[in-house]
Every structure is written in C-alpha cells, then in structure tokens.
Number of protein chains: 2
Amino acid sequence: MKNAPDLSAQIAKSIRDAIVSGDLPIDERLPSEAELSEQFAVSRSTVREALKRLAAQSLIRTQRGATGGAFVNRLTFEQAYGQQITTSALLLSMNDVNFDTACEARFALERACAPLSAQRRTADHLATMRAEITRQAQPGLSDESFCASDVAFHRALVDGAGNPVLSYQLAGAVEAIEPLMNMITFTARDRSHIVGLHTAIADALDASDAPLVDKLLADLATYTAQLGQSVAAEKNGAKKITPKAN
Amino acid sequence: MKNAPDLSAQIAKSIRDAIVSGDLPIDERLPSEAELSEQFAVSRSTVREALKRLAAQSLIRTQRGATGGAFVNRLTFEQAYGQQITTSALLLSMNDVNFDTACEARFALERACAPLSAQRRTADHLATMRAEITRQAQPGLSDESFCASDVAFHRALVDGAGNPVLSYQLAGAVEAIEPLMNMITFTARDRSHIVGLHTAIADALDASDAPLVDKLLADLATYTAQLGQSVAAEKNGAKKITPKAN
DNA sequence: AGACATTTAAATGTCTGACAAATGAAAAAT
DNA sequence: ATTTTTCATTTGTCAGACATTTAAATGTCT
C-alpha cells in the first residue's frame, strides 16, 4: 500500500513545486547543499541526488566556487525543444506507434500552422527551404541525409509561422518521426515526387497562397502515408509468411 | 573554454544514449550500482547521481531488494503527458509568452484535429463534453473551476481524434494555457457566450460536421483572444499610469 | 511431499566524514 | 592604485558504513 517515494524524490518535488509556483524566481540562488541538508534534516548526499533530479529537468543549474550554488534556471525554448524531441522520439519507439498514426499527427499539426506561415514567413525561411530542396535533389544523397533535410525543410515551414510556441510544440511531432522515416527506402522516383511537392509548397508560401499550401501538404501526407504503408506491408508479409512454413 | 560536464552527467548521458539507441531494451535491468561504479571507475555516489538524473526523465525505474535494481522504463503516454504539461507551463511562464501567442498556438493546433474528431469521436467523448458544458453553466462556479472545466472539454475534443500522438502533443498546448486563462475574469455574459459555442461545437461533432466545428473553433479563438486583450489592456494601462504619477 | 517459518544474500537508500577543485572576495604586497 | 596572494565558501568526488527491502534459499513441522 504505502508507496513512500525516496527522500531525494520528495525533496526534489518540494523544490520543484516552489519553482513552478513562482515562489523561487528565475536566477534565484537556492541555499547551499549544506544548508538544505539542515533544513530538510537529511544528509548532503540525499540533497545532492534531489538537486541532480532537478538539473536533469533543466530546472536548476549549478556553479562551483565561492559565490556558486544552485540557481533557478530560465527554461529556454532551445532547451525545451531538446527535451520535447527526445521524449517524443522515445515515446514513439517504446510504444510501437505505427507509422500511420505518427504521420497523421505530424501532418495534421503541420497543416495547422501552414496558413500562418503563408502569411508571415520571411525571405530567410524561404531561402532555407529552397536550400534544403536543392540538397534533396542531389543524386548521391543517402536516405538518412534525405530524411534529415526533409526535417529541416519542414522545420523552416513551421518556424515561418513566427510563433515560438507553435515551433516548440511542432518540434516533437516533426523530428520524432525521423527515425520512423529512416526505415523507408526512397527510390529516385519517390524523391523526385517529394522534391516536386516541396518546390510547389515553397512557391505557394512565396505567393502567400494558404489554401494551396494546405492542399499540397495534404498531398504530401497522402504520399508519405503510402510509402509507409509499403514498408508496413513488407513487414506484415514477412510476419505472415513465417507461420505458413508450419 | 573547458566545459567539462560533471562525471554524473557524463555517465547519465552514456546510459541515456544506450537506452535511446535501443541498445538497452525496455525492462532490461542495468548492472547494479556497485558494478556500474566499477565499470565507469567512479564512486557509487557518482553513479547514483547519474541514475537519479535518468529517473527524473522517467527513463529508468528502481526497485529495492534482492532482485531489485534499475530497469529501463517504458515511457507511457501518461507519463509523457505529465512532463509535457509541466514543461510547457514553465516555458510559457518563464519566458513571458503573451496570451495572444499562446492562444494562437493552442487554437491552431486544436483546429488541426477537429476534422479527425468530427469523424471518429465516440459517444463517450460527446458525453464528457456535454457533462463539462453542464458544469460550466452552473451559476456559482468559480473562475478557476470554469477554466478547469474548459480544459477538460477541449481535452475530450482532442481525444476524440483517436490519435494518442495528437493527444500527447496537444496536452501541452491546451493545459499549459490554463494559468494564463486563470488571469481572466469571466463575466456571466462571457460564460454564456462560451457555453453557447461549446454546445454548438458538441452538436456539430455529433453531426460529424467538420467544417462547422472548424468555424466554431475559429469563433471561439477570436472571442478568447478578445477576452485576453482586455486583460492585457488593463495591465498595460496600469503600467503606463504609474509613471505618469511622476 | 507440502506448507510454513527463518535465514541469508543482494540490492538500493541513507548517513558520515573527508578531500579535491573551482572561484570570487578580501587581504597583502608592490 | 594595482597586482598578487591568501582565504573562505561551495560544489564535485570518494570511501566506508549501516539501514531497509526483497526474493530466494534453507530449515522445520505436519
């Protein structure tokens, strides 16, 4: 019944609550480890384990030296991106999320920011997108590099919406799917089709034609889902053939 | 120049990479702390700090006792929801994200899953939404409870899309905005307008009328943004009045 | 042989004390 | 006044000990 968590977990929670509630403002210095161990009536090691837990969540940073200590850390969008991406990637791989589901989520979300991007994208975003398109058209490119460039292209599209919260939320959806995409073998024909759609999307964004961007993204979603289907089909086929041997 | 991270951070990264790469499968038991401290040639305390970092990210779980140890943890959608929500909430509050930006992101994402929800929502989802609408219409409800119910309503809408990845991504956007919404004072007229829109949305979902859901969500977005604007206006006004006193 | 009680070994959780390393500030020297 | 030195504070790391939990091994009785 009793599921008493570790002392270090309790202490971490206590400090975390103080940070989340705003009781401890940004850049505020926490008491030293020695002081905390007195306050909580535990040993220094236990306090340290609690602090490491918080550090792993980017809630605090530590500095050594006379004026050092643990400080409440301002969570930047950069740091949040990173956590979001690794968490999303793990979630997908550990729960055997199928390609269709991940793909559907990704394009649904991406289409959500397409109108905003058509309205606000800067020349910089367009330049990034066109640069990635050029890379994707190079003949000797590996499948992995192609996927990475695909991700960069879509990131630029999302960033074009000019809403950092959207970019943050989308980071997980767009990047976490990369490992799944890496399982696909892209034929020359596949690539040229995708590059064509990317080009059309860039052009439509250039012309601020939101409905067209939406339609093209829908096409891309359909096409990508088909590519994924063929991979899944091969897998299922293999799985079904094996028992047949009995 | 030299930015050598702590030993415990290095060891945590080493183990984390092994987990993310799939080298350590789910439910695999890590070597004991004593063994790890030998392998990495560090003390047991250092190993423990590394393990606590991983535990804070839900990458491992630990068990005491003879057959205990640290095990690679399957990251569940539940756990991921929680992390996503707290991270998003912190990100918004720590970076002074204004209401407009958060609101825009939230409704853009929500509209993305509206068509899917119109297509797939179950009777259960609709029942939850109508129950929340009923609660929202109660006269004595506090602003906080009203907001909480609002969040529950929108969660049901999102979950109706039947895509766990979408639900996970949206959790942050929908729930993290709650603290910002809590700063709004809802008049009786505001509430009745919102309840009216919620009812219309539930009806439209019931009728699987995706375009209508989209339109209603857009209306709700506009209305919510207006409410937020008035709060921001009061704040700015107050800020500008103070210096006038000089 | 089977059921129950006891012991034991292995593992994490916690504590204590110590030293190393970094670092800014105060004190001392020039 | 400026530079150098000393010093106190704080985190990082280590070693060893004991407490607690847990399941398996062992022993005991029916």
Side-chain angles (χ1 to χ4, degrees), chain A residues 1-16 18-19 24-74 79, chain B residues 1-16 18-19 24-74 79:
Chain A
M1 292 304 140
K2 234 189 229 175
N3 230 347
D6 298 345
L7 283 180
S8 68
Q10 292 178 38
I11 293 169
K13 172 167 168 43
S14 172
I15 300 177
R16 177 165 39 239
I19 294 175
L24 289 171
I26 294 175
D27 291 338
E28 177 89 351
R29 180 176 173 273
L30 300 185
S32 71
E33 295 174 354
E35 287 173 301
L36 285 174
S37 72
E38 270 193 21
Q39 288 182 22
F40 287 101
V42 297
S43 74
R44 204 184 136 211
S45 356
T46 304
V47 167
R48 279 183 63 78
E49 288 178 8
L51 292 180
K52 293 315 159 204
R53 293 179 120 108
L54 298 177
Q57 298 180 301
S58 303
L59 289 182
I60 62 169
R61 61 177 187 280
T62 55
Q63 249 181 346
R64 295 171 70 164
T67 59
F71 297 84
V72 177
N73 191 42
R74 156 168 265 130
Q79 292 169 325
Chain B
M1 295 308 137
K2 230 190 236 179
N3 232 347
D6 298 346
L7 283 180
S8 67
Q10 292 178 38
I11 292 169
K13 174 169 167 40
S14 173
I15 300 177
R16 177 164 39 238
I19 294 176
L24 289 172
I26 293 174
D27 291 338
E28 177 87 352
R29 180 173 171 266
L30 300 185
S32 72
E33 295 174 354
E35 287 173 301
L36 284 174
S37 73
E38 270 193 22
Q39 287 181 23
F40 287 102
V42 297
S43 73
R44 204 184 136 210
S45 347
T46 304
V47 167
R48 278 183 64 79
E49 288 178 9
L51 292 180
K52 295 313 160 205
R53 295 179 118 109
L54 298 177
Q57 297 180 302
S58 303
L59 290 182
I60 62 170
R61 62 178 186 279
T62 54
Q63 251 181 346
R64 296 174 71 166
T67 59
F71 297 83
V72 177
N73 191 41
R74 155 169 266 132
Q79 291 170 325

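- Checked by atom type and distance alone, the side chain of Q10(B) pairs as donor or acceptor with a backbone atom of P5(B) at under 3.5 Å.
- Of the two residues contacting DNA chain C, namely Q63(A) and T67(B), the nearest-nucleotide position lying further toward the 5' end is that of T67(B).
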Could you walk me through whether K13(A) and R16(A) satisfy the side chain to side chain contact (heavy atoms under 4.5 Å, CB included) test, starting with their C-alpha distance in whole Å, then the side-chain angles of each, then the deciding distance to 0.1 Å, before giving a yes or no?
CA-CA 5 Å; K13(A) 172 167 168 43; R16(A) 177 165 39 239; 4.3 Å; yes
I'd like a list of close polar pairs between nucleotides 15-17 of chain D and the protein, N/O only, cut-off under 3.5 Å.
none

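- If you take CD of E35(B) and P of dA10(C), they are 11 Å apart, rounded to a whole angstrom.
- Atom CD of E38(A) has 12 or fewer heavy atoms from other residues, nucleotides or ligands within 6.0 Å.
- Atom CD1 of I60(A) and atom P of dT10(D) are 16 Å apart (whole Å).
- The structure places CG of L30(A) at 10.0 Å from CD of Q39(A), a figure rounded to the nearest 0.5 Å.
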Could you please spell out the steps behind the side chain to side chain contact (heavy atoms under 4.5 Å, CB included) verdict for D6(A) and K52(B)?
CA-CA 11 Å; D6(A) 298 345; K52(B) 295 313 160 205; 4.2 Å; yes
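- Nearest heavy atom pair, residue R29(B) against residue G69(B), reads NE-CA, 4.1 Å.
- Across the protein-nucleic acid pair, R61(B) atom CZ and dT12(C) atom C1' stand 15 Å apart, rounded to whole Å.
- Of all the heavy atoms in V72(B) and R61(B), the pair that sits closest is O-NH1, 3.3 Å.
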At a cut-off of 3.5 Å, list every protein nitrogen or oxygen paired with a nitrogen or oxygen from nucleotides 19-21 of chain D, distance to 0.1 Å.
residue: dT20(D); atom: O4'; partner: R64(B); partner atom: NH2; Å: 3.4
residue: dT20(D); atom: O2; partner: R64(B); partner atom: NH2; Å: 3.0
residue: dT21(D); atom: O2; partner: G65(B); partner atom: N; Å: 3.3

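- Atom CD in E33(A) sits roughly 14 Å away from atom P in dC15(C) (whole-Å rounding).
- Between the CG atom of L36(B) and the P atom of dT13(D) there is a distance of 16 Å, given to the nearest Å.
- Atom CZ of F71(A) is separated from atom C1' of dT23(C) by 12 Å (rounded to the nearest Å).
- Between T62(A) and dG12(D), a side-chain N or O to OP1/OP2 separation shorter than 4.0 Å is present.
- R29(B) comes within 4.0 angstrom of sugar-phosphate atoms only, judged by non-hydrogen atoms across all strands, and of no base.
- Shortest non-hydrogen contact noted between R44(B) and E33(B) is NE-OE1, 2.8 Å.
- To the nearest 0.5 angstrom, D27(B) atom CG is 8.5 Å from F71(B) atom CZ.
- Rounded to whole Å, the distance from CD on E38(A) to P on dT9(D) is 14 Å.
- R48(B) has a side-chain polar atom (N or O) that falls below the 4.0 Å cut-off from OP1 or OP2 of dG13(C).
- Side chain of Q57(B) to backbone of L54(B): no donor-acceptor contact under 3.5 angstrom is found.
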Taking only Watson-Crick and G-U wobble pairs with both distances under 3.5 Å, what dot-bracket line describes DNA chain D, where [ ] shows pairs that cross earlier ones and | shows pairs with another strand?
||||||||||||||||||||||||||||||
Could you go through T46(B) and E49(B), starting from their C-alpha distance and side-chain angles, then the distance that decides it, and tell me whether this counts as side chain to side chain donor-acceptor pair (under 3.5 Å)?
CA-CA 5 Å; T46(B) 304; E49(B) 288 178 9; 5.6 Å; no
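- Rounding to whole angstrom units, CD of residue E49(B) and P of dG13(C) are separated by 13 Å.
- The side-chain contact (heavy atoms from CB on, under 4.5 Å) test with L59(A) singles out one residue from N73(A), I19(A), L24(A), L51(A), and that residue is I19(A).
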